[in-house]
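The structure displayed is predicted, hence computed values, not measured ones. Each chain gets a letter, A, B and so on, in the order its sequence line appears, and its residues count up from 1. Just so you know, these numbers use all the heavy atoms, side chains as well, and skip hydrogens, waters and symmetry mates.
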Number of protein chains: 2
Amino acid sequence: MSSANPRAEVRDVASKARLRLWLKLLKTSGSIEAELRRRLRDRHNTTLPRFDVMSALSRNPEGLKMSQLSQFLRVSNGNVTGIVDRLTDDGLALRVAVPGDRRAQVARLTPAGEAEFARLAAEHEAWIDEMMAGLGADDITEMSALLDQIQPIGANQTSKDDLT
Amino acid sequence: MSSANPRAEVRDVASKARLRLWLKLLKTSGSIEAELRRRLRDRHNTTLPRFDVMSALSRNPEGLKMSQLSQFLRVSNGNVTGIVDRLTDDGLALRVAVPGDRRAQVARLTPAGEAEFARLAAEHEAWIDEMMAGLGADDITEMSALLDQIQPIGANQTSKDDLT
């Protein structure tokens, strides 16, 4: 059918190429993430969600509420609470009251938690460096610019969706 | 410390750049996936795992065992079984016995399931096309080649790990 309309055919080819690229992007990020999970488990007896919670707390030394942590990590409040509970049991995090709000608490890393995260983060960075060793400085700049051209939610699309 | 060793410093800069690229890659694929989930839910009252199960069944018209489906999708057997149960209830899939093995069953799409998946897959492709509209044919070729240079599990690394 599309051969009757050369422009529709060109559009179709581009659409298939974008779909293949998306599947490759998904496969690559999934493979890297799976390998990170494996190494955190096998070499450090820890998990990616726990690493991500420690990373968020490390970037926010003033502390984070459970709801803020959930938003950062896109996981449920319940899971985040369980992870912070275990970090607290291990002496790596603590809960402190928010001044002026008796019912509100934030979680923070302890100095031991900061030290543990620094150790894990250095390993994590080295693993990524190894997995992406095939990309030189120019490749990195190029791929970063290409990723910036992908817009999961275009401004037009969002407003159109809001109206319908 | 690293300023005492220029080569170590260069290595450190490259490592940080690769880490930033990984975080951007993860953010991009996560945003696309979140938007796909949202549209499947809001516009088609369905889920990404259900779409993925239908996609795997569509690519394997001879049928797939639950264990094969789980491997394809990296989700638990239990979840896959639940999804196939619901597809069967909806008349979109059916379970058939494997000739020569009375206890083994494979799931297949029904003609109605094939039609439904074709409709969803066309939508899905159009969404990806829209989200990646910023990438032209050369960009797609370029990014695909760059993704091929990422090796989550290098051959050397794997064999080294096996020995330690």
Completion exercise
All heavy atoms of A:L25 vs all of B:L25, minimum pair found to be CD1-CD1, 3.4 Å

Problem - Nearest heavy-atom neighbours spanning B:W22 and A:E33 - result: CH2-N, 4.0 Å

Exercise for the section: Quick one: list whatever passes side chain to side chain contact (heavy atoms under 4.5 Å, CB included) with A:T47, sequence neighbours left out. Expected result: A:P49, A:R50

Anything under 3.5 Å between a donor and an acceptor, one on a side chain of residues 119-127 of chain A, the other on a protein residue two or more places apart or in another chain? List them.
unit_1, atom_1, unit_2, atom_2, d
A:R119, NE, A:E116, OE1, 3.4
A:R119, NH2, A:E116, OE1, 3.2
A:R119, NH2, A:E116, OE2, 3.3
A:E123, OE2, A:H44, NE2, 2.7
A:E125, OE1, B:K16, NZ, 2.7
A:E125, OE2, B:S15, OG, 2.5
A:E125, OE2, B:K16, NZ, 3.4

Handout entry: residues 53-63 of chain B: residues contacting chain A (heavy atom under 4.5 Å, by number)
Key = none

Problem - same_hphob_cluster(B:L23, B:L147) at 4.5 Å side-chain heavy-atom cutoff - result: yes

Practice task
Consider only side-chain heavy atoms of I, L, V, M, F, W and Y, link residues closer than 4.5 Å, and tell whether A:F72 and A:V80 are in one cluster.
Solution key: yes

Exercise for the section: Please report the closest heavy-atom contact between A:S144 and B:K24, naming both atoms and the distance. Expected result: OG-NZ, 2.8 Å

Exercise for the section: Determine, stepwise, if the pair B:I150 / A:M143 fulfils side-chain contact (heavy atoms from CB on, under 4.5 Å). Expected result: CA-CA 12 Å; B:I150 299 175; A:M143 192 187 286; 4.1 Å; yes

Handout entry: Heavy-atom proximity to chain A below 4.5 Å, by part of B:A137
Key = neither

Exercise for the section: For chain A, find which of B:R20, B:K27, B:M131 contributes the most heavy-atom pairs closer than 4.5 angstrom. Expected result: B:M131

Practice task
Could you tell me which of A:L135, A:T28, A:L36 has the largest number of non-hydrogen atom pairs under 4.5 Å with chain B?
Solution key: A:L135

Handout entry: Residue, of B:D42, B:L26, B:L21, B:D139, that accumulates the most heavy atom pairs under 4.5 Å with chain A
Key = B:L21

Exercise for the section: Output the residues of residues 103-115 of chain B for which the shortest heavy-atom distance to chain A is under 4.5 Å, in residue-number order; output 'none' if no such residue exists. Expected result: none

Practice task
Would you mind telling me which of B:A133, B:G136, B:A14 has the largest number of heavy-atom pairs within less than 4.5 Å of chain A?
Solution key: B:A133

Handout entry: A:N45 atom CG, neighbour heavy-atom count above 12 within 6.0 Å
Key = no

Handout entry: Same cluster (ILVMFWY, side-chain, under 4.5 Å), A:L73 and A:I32
Key = yes

Practice task
Select one option (side chain, backbone, both, neither) describing which atoms of A:A145 are under 4.5 Å from chain B's heavy atoms.
Solution key: neither

Handout entry: Choice from A:L19, A:L146, A:V13, A:T141 maximising heavy atom contacts with chain B below 4.5 Å
Key = A:L146

Problem - A:D138, CG: over 12 other non-hydrogen atoms inside 6.0 angstrom - result: no

Fill in the blank from the handout: For B:R18 and A:I128, the nearest pair of non-hydrogen atoms, with its separation, is O-CG2, 3.7 Å

Handout entry: B:L94-B:V98 co-clustered via ILVMFWY side chain contacts under 4.5 Å
Key = yes

